[in-house]
Amino acid sequence: MGYKYVFDGGKLTEKNKTTTLASVRGNKIYAKTSSITTANIKGNKIFDKNSGTNVVANVRIGNLCSEGGSSKICKMKEIDNLIDGPKGAIKAALWFYFIN
């Protein structure tokens, strides 16, 4: 496929490059190799920074939707075609914060 990015479960990089765009530790996403949290994932919900209440997006029925609602931002299939790696809310959050 024509992936432009690779997510190996721990870091997001551009295909055929070594520079880390984002790193993932547990359910938290960090810019590059920073120690400051960019996003927090709980289930299918994407929270801003360390927040457990400020939902910025969620994965619902094959779509990435805005906030806690059902307004579609894009189809998960589009994200899966752009980023090689494990599917789910973490991949959607990486796209939302670092690629979109």
Side-chain angles (χ1 to χ4, degrees):
M1 294 197 100
Y3 299 116
K4 291 186 179 182
Y5 300 90
V6 177
F7 173 55
D8 66 4
K11 64 181 179 177
L12 175 71
T13 59
E14 285 187 62
K15 184 178 179 181
N16 300 323
K17 295 190 179 179
T18 59
T19 304
T20 301
L21 301 173
S23 58
V24 177
R25 286 172 255 155
N27 64 340
K28 296 187 181 204
I29 298 174
Y30 304 88
K32 300 183 181 180
T33 56
S34 172
S35 62
I36 299 170
T37 305
T38 301
N40 183 20
I41 312 298
K42 290 183 183 173
N44 287 331
K45 293 184 179 180
I46 302 166
F47 296 89
D48 195 35
K49 300 182 179 160
N50 271 327
S51 171
T53 57
N54 186 18
V55 178
V56 294
N58 71 85
V59 178
R60 180 182 295 197
I61 314 169
N63 295 314
L64 177 62
C65 300
S66 63
E67 300 173 345
S70 59
S71 279
K72 183 172 80 169
I73 296 171
C74 74
K75 291 182 179 183
M76 284 301 296
K77 184 185 284 187
E78 296 170 20
I79 295 171
D80 291 335
N81 288 337
L82 190 61
I83 304 172
D84 183 22
K87 296 182 180 192
I90 290 179
K91 186 189 255 187
L94 291 168
W95 178 85
F96 186 81
Y97 280 96
F98 299 100
I99 298 173
N100 179 21

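Remember, predicted model here, so these are calculated numbers, not experimental data.
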Measuring from atom CG of N27 to atom CD1 of I90, what distance do you get when rounded to the nearest 0.5 angstrom? 7.5 Å

Backbone N/O of K32 and side chain of T20: donor-acceptor pair under 3.5 Å: no

Test side chain to side chain contact (heavy atoms under 4.5 Å, CB included) on F98 and T38 and set out the steps. CA-CA 10 Å; F98 299 100; T38 301; 4.0 Å; yes

I'd like to know if the side chain of S34 reaches the main chain of I36, judged simply by a donor and an acceptor atom lying under 3.5 Å from each other, with no hydrogens or angles considered. yes

From S66 atom OG to I46 atom CD1, the distance as rounded to the nearest 0.5 Å: 11.0 Å

Taking it one step at a time, do R60 and N44 satisfy side chain to side chain contact (heavy atoms under 4.5 Å, CB included)? CA-CA 7 Å; R60 180 182 295 197; N44 287 331; over 6 Å; no

Could you go through residues 67-77 and list every donor-acceptor pair under 3.5 Å that involves a side-chain atom there, pairing it with any protein atom two or more places apart or in another chain?
none

Check for me whether K15 meets the cation-pi criterion with Y5, that is, NZ or CZ under 6.0 Å from the six-membered ring centre and within 45 degrees of the ring axis. no

Gap between atom NZ of K42 and atom OG1 of T53 - 0.5 Å precision: 8.5 Å

Output the distance between atom CG (N50) and atom OG1 (T37), rounded to the nearest 0.5 Å. 4.0 Å

How about K28: does its NZ atom have over 12 heavy atoms from other parts shown lying under 6.0 Å from it? yes

Starting from the C-alpha separation in whole Å, work towards a yes-or-no answer on side chain to side chain donor-acceptor pair (under 3.5 Å) for D48 and Y97. CA-CA 10 Å; D48 195 35; Y97 280 96; 2.9 Å; yes

Taking all non-hydrogen atoms of both residues, which atom of A57 and which atom of L64 are closest, and how far apart? CB-CD1, 3.8 Å

Side chains of W95 and I83: closer than 4.5 Å at any heavy-atom pair? yes

Quick check: does any side chain N or O of N63 sit under 3.5 Å from a backbone N or O of C65, one acting as donor and the other as acceptor? no

Going by heavy atoms in the side chains, are L12 and I99 under 4.5 Å from each other? yes

Side-chain touch T19/T13, heavy atoms, less than 4.5 angstrom: no

On a heavy-atom basis, the closest approach of G9 and V24 is O-CB, 4.2 Å

Between F7 and L94, what is the shortest heavy-atom contact and its length? CD1-CD1, 3.5 Å

Would you name the heavy atoms of A22 and I29 that are closest together and state the gap between them? CB-CG2, 4.4 Å

If I take atom NZ from residue K49 and atom CG from residue N54, how far apart are they, to the nearest 0.5 angstrom? 9.5 Å

Value for OG1 (T33) from CG (L21), rounded to nearest 0.5 Å, stands at 11.5 Å

Smallest separation among heavy atoms of G43 and A89, with atom names: O-CB, 3.6 Å

With clusters defined by side-chain heavy atoms of hydrophobic residues (ILVMFWY) lying less than 4.5 Å apart, directly or transitively, does F96 cluster with V59? yes

